[in-house]
Amino acid sequence: MRLSWDEIKRRAKAFSEEWHDAHYEKGETQSFYNDFFDIFGIKRRTVAVYEQRVKLLDNKHGFMDLFWPRTLLIEQKSSRLDLGKAQGQALSYVEGLHPTDQPRWVLTCDFQNWNLLDLETGTELKFHLKDLHKHITAFDFMLGRRVSFENQAGVTIKAAELMGKLHDALEDAGYTGHDLEQFLVRILFCLFADDTGIFQPKDIFLQLIDNDTRPDGSDTGLILSQLFDVLDTPENQRQKGLSAELDAFPYVNGQLFAGRLRIPQFDQKMREHLLEAARHDWSGVSPAIFGSLFQSVMDAKERRAKGAHYTTEANILKVIGPLFLDDLNAELDKIAARRTGRDAALTDYLAKLKRLTFFDPACGCGNFLVIAYREIRALELRALRLRYPDGGMNAALMSQVTVDQFYGIEFEEFPARIAEVAMWMADHIANNWINEAFNTNIARIPLKGGATILHSDALETDWAELLPPEKCSYIMGNPPFIGAKFQSEFQRAQVRRIANLGGSGGTLDYVAAWFIKAGQYLQSNKRIRIAFVSTNSITQGEQVAQLWPILFDRYGLEIAFAHRTFSWGSEARGKAHVHVVIIGLAHRDHEPVEKRLFSYPDIKGDPVESRHAALTAYLFDAKGVANRHLVVKEEARPINGAARLLTGSQPIDGGQYIFDGTEHARFLEAEPAAAKYFKPYLAAVDFINGGQRWVLSLWDANPSELKALPNVMERVRRVREFRSSSNRKSTLIAANTPAEFGMTVIPDSEFLVIPKVSSERRQYVPIGHLGPPTIPSDLVFILMDATTFHFAILTSRSHMAWLGHMGGKLKSDFRYSIGLVYNTFPWPDATPAQRAKIETLAQAVLDARAAHPTSSLADLYDPDTMPGNLRKAHAALDVAVDKLYRAAPFASDRDRVEHLFGRYEALVNPLEREAAKQNKRVARKAAKQD
């Protein structure tokens with residue numbers, strides 16, 4: 001029977017009156033505490049024992065008057081004795097206990113005077129028996145409601161590790177598959193219920209395993225199977241003759257315990273693992289992060305490699321905050337500040353919370369759903385407190401938000417089931433908030449309904465069948481990130497079918513399919529708001545022109561808010577941080593007037609928020625363009641009048657023509673006559689780090705001379721063999737001319753080198769001049785006959801900003817592109833005088849480099865070791881190049897690229913841009929006349 005706090009207080013007052021003149025007598029102690037436990041509806045014998053013997057640290061023995069393992073130790077004394085000394089005695093008992101049995105609370109008492117000590121926090125409460133009813137909530141831990149003050153993440157990680165041990169032991173014994181997963185989900189619920197008040201009294205699950213199963217574990221599986229049946233059976237339908245220990249458990253329902261599982265055959269070790277998990281304090285476990293942790297422990301190899309991994313709560317709040325939570329908080333703040341009509345407004349607000357529905361179509365273990373539910377319940381509680389300041393049962397009964405308002409789709413069954421349980425856990429915690437706020441004892445047991453989590457492939461599912469769009473309020477989540485090159489054939493086909501781009505199908509990341517499906521789903525209810533986490537690849541590089549016209553034009557979406565690139569970290573040891581963006585979308589019929597943009601000066605730090613009228617697909621302000629939907633498309637030739645940029649030579653040789661210094665020396669030692677055919681070879685890594693490699697360049701070699709070089713001819717033979725084994729048509733054709741490169745670019749004059757890939761840490765991509773006989777590889781781009789002015793513009797911050805926003809990324813490094821970066825870059829106009837100044841400043845950069853002849857470009861452009869003179873030279877050049885674009889200085893790279901984006905629009909859509917300018921002039925003129 002669950003008791004309200006009002007009833008518990010009434011019982012406490014009656015208890016005080018009954019025992020008001022009690023004094024210490026051996027026979028009275030047990031009756032006293034039996035009655036005390038009855039205040040809470042707890043049968044003392046089910047959880048605690050009297051006169052428990054304990055071995056002290058000095059090898060002597062003592063007897064604890066009452067001992068409740070892991071929870072409470074009571075030392076009872078007569079009124080003639082000092083309770084301070086009694087507390088010292090009790091603490092010596094605690095030290096003698098095994099750490100897993102040590103209680104958190106110690107009560108010393110002489111019937112009339114009570115002293116309750118919390119060993120975890122060090123707080124102490126002293127009161128007289130007559131005031132017990134005033135302090136009875138301090139004993140809420142007896143109902144399993146006290147949340148541990150330990151670090152919640154640490155408690156949760158420990159819980160997942162304990163479950164991992166049990167999982168591994170069961171799996172090693174041959175208990176695997178669906179039954180194992182369902183069994184563990186049920187055990188998870190029992191462990192949580194045992195410490196949080198769902199099961200009452202506290203620890204009855206622990207006591208059942210500890211006291212009612214054999215130490216060798218032989219009957220543990222059978223007892224658990226019987227327990228699962230009990231939890232699935234209403235109390236009035238249970239078999240007669242059921243043991244009191246099993247019958248004490250409530251009816252849970254919710255289909256969690258429905259269906260038979262194979263009974264696992266426990267042994268002593270497995271039973272100990274289960275007991276260890278049951279002794280852990282599950283009241284401090286976070287349902288929001290436990291699911292992901294629990295899933296990670298299912299694979300022992302993954303656990304060892306990654307450690308504990310979960311999406312941090314702070315990152316989830318970055319999604320749901322601007323999606324709905326911030327607005328709902330602001331709305332409640334306004335209502336709370338009202339002087340009239342507040343009650344009616346609060347009633348409407350509470351009804352609104354009940355109407356909202358939330359959908360995560362890639363929900364995993366339910367992290368986003370759990371946090372969203374928790375926050376909505378917190379808002380509801382705040383509103384209830386404002387609406388019913390006097391509290392009471394009626395206020396608590398007004399709580400109407402339920403887990404039934406939450407929906408998810410998950411590809412794998414196990415995390416889908418964890419998500420369901422995690423939502424029930426979150427529901428119980430939120431119910432306890434209500435109970436504590438209004439001194440009630442309401443619980444939603446047996447479970448009714450629950451979050452709707454569909455075990456299915458979200459990309460193959462009609463979302464409207466799960467949740468009709470007309471009933472959906474918000475879509476959110478963190479869909480899987482899989483680049484086009486790493487997708488399975490089936491996944492690639494899914495993305496191409498959903499995107500329907502035609503042609504080769506595009507190169508969209510897997511996550512893009514969720515954005516497109518959400519846009520399609522929203523067409524039946526244009527009020528739905530969407531927010532997904534994504535790799536930043538959909539806001540830069542070639543994917544922008546593929547994805548965003550679909551979202552903007554096909555589905556009428558606009559960016560309502562966004563987090564620019566930041567590090568989406570986990571708490572995993574050794575787990576790499578992924579660079580992501582968060583994008584919130586709304587249909588343009590219902591888009592917010594102001595768009596929120598969160599930028600990260602430090603991608604691992606906190607964001608800075610700004611407000612804008614419109615945002616581009618690149619996540620910067622659209623104020624500089626007439627068409628906010630403009631995207632940069634790959635161009636085959638420069639649209640800016642610049643000279644063509646070329647890709648270096650591609651040997652396609654299987655490594656036969658390329659040599660490092662040692663290999664080169666050995667080859668020439670064996671065949672000196674081949675020296676004339678070796679040329680310095682330059683890839684990006686050689687150019688940046690200063691390495692030296694060589695390449696056999698045979699494209700113009702005399703055939704008769706080649707035949708006189710057997711080692712060289714052996715290399716030619718291997719290249720023919722390598723190319724002939726290829727599936728690519730062009731490579732098979734190149735097998736007919738094995739002495740030539742697959743793609744030959746051999747400069748005969750000086751050229752400018754641009755590495756294809758450069759570290760994200762560098763402020764500038766290292767660019768420089770080289771000349772013959774060096775042969776550039778296909779890992780660098782070259783600009784023939786480049787002047788110092790070309791070098792100046794291409795190494796400037798303006799060009800680096802364009803690269804950073806329009807170029808793609810390889811992992812997190814800058815990836816230069818001819819079609820997307822160079823051919824689309826808006827070059828500035830310059831007078832002869834300006835040009836001369838720029839060239840002088842560019843030469844100063846080259847001179848600053850030359851002042852450090854022993855340093856590689858990697859050394860010179862490492863932000864930690866970049867010389868001051870080089871940094872100063874670049875800064876001066878940047879200022880001068882910026883002035884070629886406009887007189888006012890740029891505040892940031894984002895400021896630069898917003899300006900450059902407008903110039904790009906002028907290159908590709910000059911008429912549209914001019915028309916927009918004319919409209920603005922007309923509008924300004926009309927405003928002045930008004």
Side-chain angles (χ1 to χ4, degrees), residues 318 322 534-541 543-545 548 558-568 579-584 594-632 758 760-765 793-809 812-817 820-821 824-828 863 874-875 877-879 881-907:
K318 289 177 182 177
S534 170
T535 53
N536 58 5
S537 58
I538 70 167
T539 62
Q540 59 192 19
Q543 292 193 50
V544 175
W548 286 96
E558 299 294 344
I559 299 174
F561 74 88
H563 283 258
R564 289 166 58 83
T565 297
F566 69 97
S567 183
W568 179 271
H579 288 181
V580 304
V581 293
I582 296 171
I583 299 174
E594 279 193 321
K595 317 303 188 296
R596 302 174 67 183
L597 185 62
F598 300 86
S599 302
Y600 291 78
D602 176 357
I603 62 170
K604 295 181 181 179
D606 294 324
V608 175
E609 182 180 351
S610 54
R611 303 286 177 118
H612 308 268
L615 296 172
T616 71
Y618 301 93
L619 307 188
F620 54 71
D621 198 308
K623 63 185 178 183
V625 290
N627 176 16
R628 60 176 167 171
H629 300 153
L630 180 69
V631 295
V632 174
S758 180
E760 62 167 331
R761 296 186 66 242
R762 299 186 184 110
Q763 189 177 2
Y764 302 91
V765 174
I793 302 303
L794 293 176
T795 200
S796 69
R797 275 305 327 146
S798 290
H799 191 63
M800 293 300 109
W802 190 254
L803 165 62
H805 288 79
M806 304 304 159
K809 293 285 181 74
S812 58
D813 293 335
F814 295 115
R815 183 171 62 183
Y816 203 91
S817 163
L820 276 172
V821 179
T824 62
F825 178 66
W827 285 69
H874 267 290
L877 176 60
D878 291 340
V879 170
V881 172
D882 286 349
K883 286 182 178 179
L884 295 180
Y885 288 104
R886 74 179 193 193
F890 294 112
S892 64
D893 277 357
R894 195 179 91 196
D895 195 15
R896 288 185 178 90
V897 82
E898 287 171 359
H899 178 83
L900 292 170
F901 200 51
R903 291 205 169 208
Y904 169 79
E905 184 181 48
L907 290 171

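Please read these numbers as outputs of a predicted model, since none were measured by experiment. Nothing fancy with the numbering, it's 1 onward along the sequence.
Closest approach of Ala613 to Lys595, counting heavy atoms only: O-NZ, 2.9 Å. The two atoms that bring Val631 and Ala617 nearest to each other are CG1-CB, 4.4 Å, heavy atoms only. The heavy-atom pair separating Glu905 from Asn627 by the smallest distance is OE2-N, 2.9 Å. Scanning all heavy atoms of the two residues, the minimum distance from Ala801 to Asp893 falls at CB-O, 3.7 Å. Taking each heavy atom of Pro828 and Arg903 in turn, the nearest pair found is CA-NH1, 4.2 Å.
Using a cutoff of 4.0 Å between basic side-chain nitrogens and carboxylate oxygens, Glu609 and Arg611 are scored as salt-bridged. Checked for salt-bridge contact, Arg797 and Asp882 miss the test: no charged N lies under 4.0 Å from a carboxylate O. Of the charged side-chain nitrogens involved, at least one lies within less than 4.0 Å of a carboxylate oxygen, so that Glu558 and Arg628 count as a salt-bridged pair.
For Lys318, the salt bridge (charged side-chain N to carboxylate O under 4.0 Å, His left out) test picks out no residue, with sequence neighbours left out. A search for side chain to side chain donor-acceptor pair (under 3.5 Å) contacts involving Arg762 returns Ser758, not counting sequence neighbours. By the ring pair (Phe, Tyr, Trp, His ring centres under 6.0 Å) test, His805 is found to be paired with Phe620, residues two or more places apart in sequence or in another chain being considered. In this view, Ser892 satisfies the side chain to side chain donor-acceptor pair (under 3.5 Å) rule with no residue, not counting sequence neighbours. By the ring pair (Phe, Tyr, Trp, His ring centres under 6.0 Å) test, Tyr764 is found to be paired with His874, residues two or more places apart in sequence or in another chain being considered. For Arg886, the side chain to side chain contact (heavy atoms under 4.5 Å, CB included) criterion is met by Ala888, Phe890, Asp895, His899, not counting sequence neighbours.
The backbone N or O of Gly624 lies less than 3.5 Å from no partner atom in the side chain of Glu898, so there is not a single donor-acceptor pair.
Here the two rings, on His579 and Tyr600, have centers that are 6.0 Å apart or farther.
Looking at Leu820 and Val544, their side chains never come closer than 4.5 Å, going by heavy atoms from C-beta outward. Here the side chains of Ile559 and Leu597 are not in contact, with every heavy-atom distance at 4.5 Å or above. Using a 4.5 Å cut-off on side-chain heavy atoms (C-beta onward), Asp813 and Glu760 make contact. At least one side-chain heavy atom of Ser610 sits under 4.5 Å from a side-chain heavy atom of Arg894. Using a 4.5 Å heavy-atom cutoff, the side chains of Phe598 and Ile582 are not in contact. The side-chain heavy atoms of Phe561 and Leu615, taken from C-beta on, include no pair separated by under 4.5 Å. Side chains of Val881 and Ile793 form a contact here, defined as non-hydrogen atoms less than 4.5 Å apart. Side chains of Phe566 and Pro607 form no contact here, defined as non-hydrogen atoms less than 4.5 Å apart.
Side-chain atoms of Thr824 and Trp802 include a donor-acceptor pair closer than 3.5 Å.
To the nearest 0.5 Å, atom OG1 of residue Thr565 and atom CD of residue Gln540 are 5.5 Å apart. With rounding to the nearest 0.5 Å, the separation of NZ in Lys604 from OG in Ser567 is 5.5 Å. Note that CE of Met800 and CG of Leu794 are 7.0 Å apart. Values are rounded to the nearest 0.5 Å. Distance check, rounded to the nearest 0.5 Å: CH2 of Trp548 to OG1 of Thr539 gives 8.0 Å. Between the CD1 atom in Ile583 and the NE2 atom in His563 there is a gap of 11.0 Å [rounded to 0.5 Å].
Here the options are Trp827, Tyr885, Phe825, Phe814, the test is ring pair (Phe, Tyr, Trp, His ring centres under 6.0 Å), and the partner is His799; only Phe825 passes.
Taking the six-membered ring for Trp and thresholds of 30 and 60 degrees, Phe901 and Tyr618 have ring planes more than 60 degrees apart, a perpendicular arrangement.
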